[in-house]
2 protein chains.
Amino acid sequence: MRPVSTRSGASAPARLSRPERVAEAIKQFVVDEGLAPGDRLPGEADLIARFGMAKSTIREAMRILEAQGLVKTRTGPGGGTFVHEVSRTRARALLANYFYFKNLTIADIYQLRRALEPELAASLAGRLDDAALDALTANFAAYDRPAATAEEERAQHVASLRFHAMLAEHADNPLLSFLIDFMASILSEITINRGLYAPPNPELWRKGREYQKRLVEALRDGDADAARETMAAHMDTANALMQVQEARAIQDFLAH
Amino acid sequence: MRPVSTRSGASAPARLSRPERVAEAIKQFVVDEGLAPGDRLPGEADLIARFGMAKSTIREAMRILEAQGLVKTRTGPGGGTFVHEVSRTRARALLANYFYFKNLTIADIYQLRRALEPELAASLAGRLDDAALDALTANFAAYDRPAATAEEERAQHVASLRFHAMLAEHADNPLLSFLIDFMASILSEITINRGLYAPPNPELWRKGREYQKRLVEALRDGDADAARETMAAHMDTANALMQVQEARAIQDFLAH
DNA sequence: CCCAATTTGTTCGTATGTATC
DNA sequence: AGATACATACGAACAAATTGG
């Protein structure tokens with residue numbers, strides 16, 4: 001898709017401020033000129049001349065583009081404003097802002113994880129090299145024995161979510177990859193900030209860990225069906241573990 | 001989740017510009033004070049005093065927040081900067097910017113639609129009121145007979161995507177709702193901008209329409225399983241229809 | 001190590017635009 | 001219509017960062 005106009009109202013009066021108009025014009029310029037990440041945009045002075053506007057106006061436009069993650073700016077000789085590929089981190093943060101105001105529950109997230117994680121697992125079967133598989137295995141070390149303290153339990157939960165983020169990294173489908181990572185990131189954040197982790201349940205903890213190990217084997221063997229089924233079972237287990245928690249709204253957790 | 005820092009690097013040196021720091025501080029202020037959409041932030045003069053910075057610096061910070069959709073500003077008496085709930089339109093646009101640089105294919109989108117649309121359908125069974133169901137039915141009018149022209153075919157394709165956006169509106173799960181809408185929006189945009197629609201195939205067209213009608217019936221009857229199965233079949237049909245198209249990268253379509 | 005050139009970053013004072021009463 | 005309260009925009013000067021000699 002082309003860089004999309006960021007206006008809120010679909011059919012609103014379109015009365016944008018000057019910086020907003022400049023930002024839109026520059027986006028269009030990038031598309032029209034076919035500029036790629038790394039390419040340099042005209043400098044401030046140049047833009048001031050082209051648009052016939054004050055420096056502050058141009059600078060505000062740049063901030064808009066920068067906030068969207070579309071450009072980066074550097075000072076000094078050879079500096080300037082450069083087209084930048086929107087980073088995953090930035091996209092995550094911007095999307096998280098949207099859900100900040102929604103009443104997203106743990107159950108909501110797990111509904112999607114249940115549907116998508118098995119899909120990811122299946123698509124990865126037989127497609128990971130040894131280095132990737134070893135990295136996944138190495139991650140198990142972080143939760144290879146029951147947690148002794150709440151602190152440790154928290155760390156283990158985050159580590160087990162990292163397993164999913166690592167899988168997401170290798171997905172061919174950018175949309176699927178982003179989503180899995182996004183959900184793991186949100187769950188991770190909740191865990192860290194508010195101690196959302198299951199009450200100690202060694203049995204479920206053991207099962208979850210075993211599912212992940214079996215999954216890695218299925219991936220190594222290139223068995224897509226086994227990978228899908230194992231991940232599905234893993235998600236069901238994790239979901240059950242989460243259901244123990246009340247489905248408190250995430251905002252209630254974090255927005256004191 | 002709390003309004004998330006928008007920095008790119010996870011463990012980067014954290015050297016933010018002043019406007020960026022001010023923007024972060026204001027975000028934190030909103031969270032700490034528990035401000036809700038509609039609440040007024042301190043005025044420019046006030047912020048200049050608090051932060052001890054120049055007007056332009058403060059203004060650039062406001063642009064950053066505005067670009068993220070977190071605030072709106074109004075001029076005049078009683079005006080100022082107000083906390084704003086990030087709109088779906090804005091979130092869509094910001095996320096689309098991320099995928100602009102990825103090589104997202106039609107197949108990628110359909111992989112997720114296939115997994116998520118049935119989930120949505122099932123969760124909606126028996127939960128729509130007559131007005132909503134009637135609106136869905138009314139939408140069929142837009143594609144109740146085979147398209148005569150390419151123009152018409154395009155319009156019909158967009159209308160049938162609108163059916164899914166309408167369903168998304170009613171989802172309880174905000175994440176699921178957003179995603180379905182996002183995907184329909186992207187497919188719609190591609191259709192409009194580049195004429196991506198199936199080559200005339202009356203048989204598949206008829207089947208797709210019939211699936212949607214059967215789906216509405218299942219939703220009316222509160223039959224979740226039927227709704228899920230029907231939507232799954234609908235997605236398979238649509239996917240097959242799309243596979244006829246080569247899986248060209250979306251960017252190739254739109255970024256001339 | 002310092003100096004000079006280049007480019008963005010920041011400040012301040014002033015003036016204009018806009019909505020409310 | 002006029003006064004008021006706010007954001008919006010301008011322009012000139014100065015500061016800071018980076019690069020290369």
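Basis for what follows: all heavy atoms, side chains included, without hydrogens, waters or symmetry-related copies. First the proteins, then the strands, lettered A, B, ... as listed; each starts at 1.
- Seen from the ring of A:F178, A:R88 does not count as a face-on cation partner, given the 6.0 Å and 45° thresholds.
- To the nearest 0.5 Å, atoms CG (A:N139) and CG (A:L167) are separated by 9.5 Å.
- Nucleotides of DNA chain C nearest to B:T57 and B:R74 differ in position, and the one nearer the 5' end is that of B:T57.
- At the phosphate of D:dT8, OP1 or OP2 sits under 4.0 Å from a side-chain N or O atom of B:T73.
- Closest-nucleotide positions on DNA chain D for A:I58 and A:P77 were compared, and the one nearer the 5' end corresponds to A:I58.
- The side chain of A:R15 contributes an N or O atom lying less than 4.0 Å from OP1 or OP2 of C:dA19.
- The CZ atom of B:F51 sits 14 Å away from the P atom of C:dT10 (whole-angstrom rounding).
- With rounding to whole Å, B:K72 atom NZ is found 15 Å from D:dA7 atom C1'.
- Contacts between residues 35-47 of chain A and DNA chain D, defined by a heavy-atom separation below 4.0 Å, involve no residue at all.
- Residue order along DNA chain D, read from the 5' end via each residue's closest nucleotide, puts B:G80 first among B:G80 and A:G76.
- The side chain of B:A54 approaches C:dC12 more closely than any other nucleotide in the set C:dC12, D:dC10, D:dT18.
- Nucleotide D:dA9 holds its C1' atom 16 Å from the CG atom of A:L16, rounded to whole Å.
- Using the six-membered ring where Trp is involved, B:F182 and B:F99 have ring planes that are tilted, between 30° and 60° apart.
- Here B:M62 lies out of heavy-atom contact (under 4.0 Å) with every strand.
- Distances shorter than 4.0 Å separate none of the side-chain N or O atoms of A:R59 from OP1 or OP2 on D:dT8.
- Picking from D:dA5, C:dG17, C:dC12 the nucleotide with the shortest atom distance to the side chain of B:T75 gives C:dG17.
- Taking 4.0 angstrom as the limit, A:R18 places a side-chain polar atom (N or O) nearer than this to OP1 or OP2 of D:dC10.
- If you check distances only, the side chain of B:K55 does reach the base of C:dT14 with a donor-acceptor pair under 3.5 Å.
- Between B:K72 and B:E66 there is no salt bridge, since no side-chain nitrogen of the basic residue lies less than 4.0 Å from a carboxylate oxygen of the acidic one.
- The existence of a salt bridge linking A:E85 and B:K102 is confirmed by a sub-4.0 Å separation between a basic side-chain nitrogen and an acidic carboxylate oxygen.
- Residue B:L179 holds its CG atom at 11.5 Å from CD1 of B:I109, rounded to the nearest 0.5 Å.
- In this structure, the CD1 atom of B:I48 is 15 Å from the P atom of C:dT14, given to the nearest Å.
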| request: With side chain to side chain donor-acceptor pair (under 3.5 Å) as the test, would you mind laying out the steps for A:E20 and A:S17 before giving the verdict? | output: CA-CA 5 Å; A:E20 284 169 321; A:S17 65; 3.0 Å; yes

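- A sub-4.0 Å separation between OP1 or OP2 of D:dA9 and a side-chain N or O of B:R63 is present.
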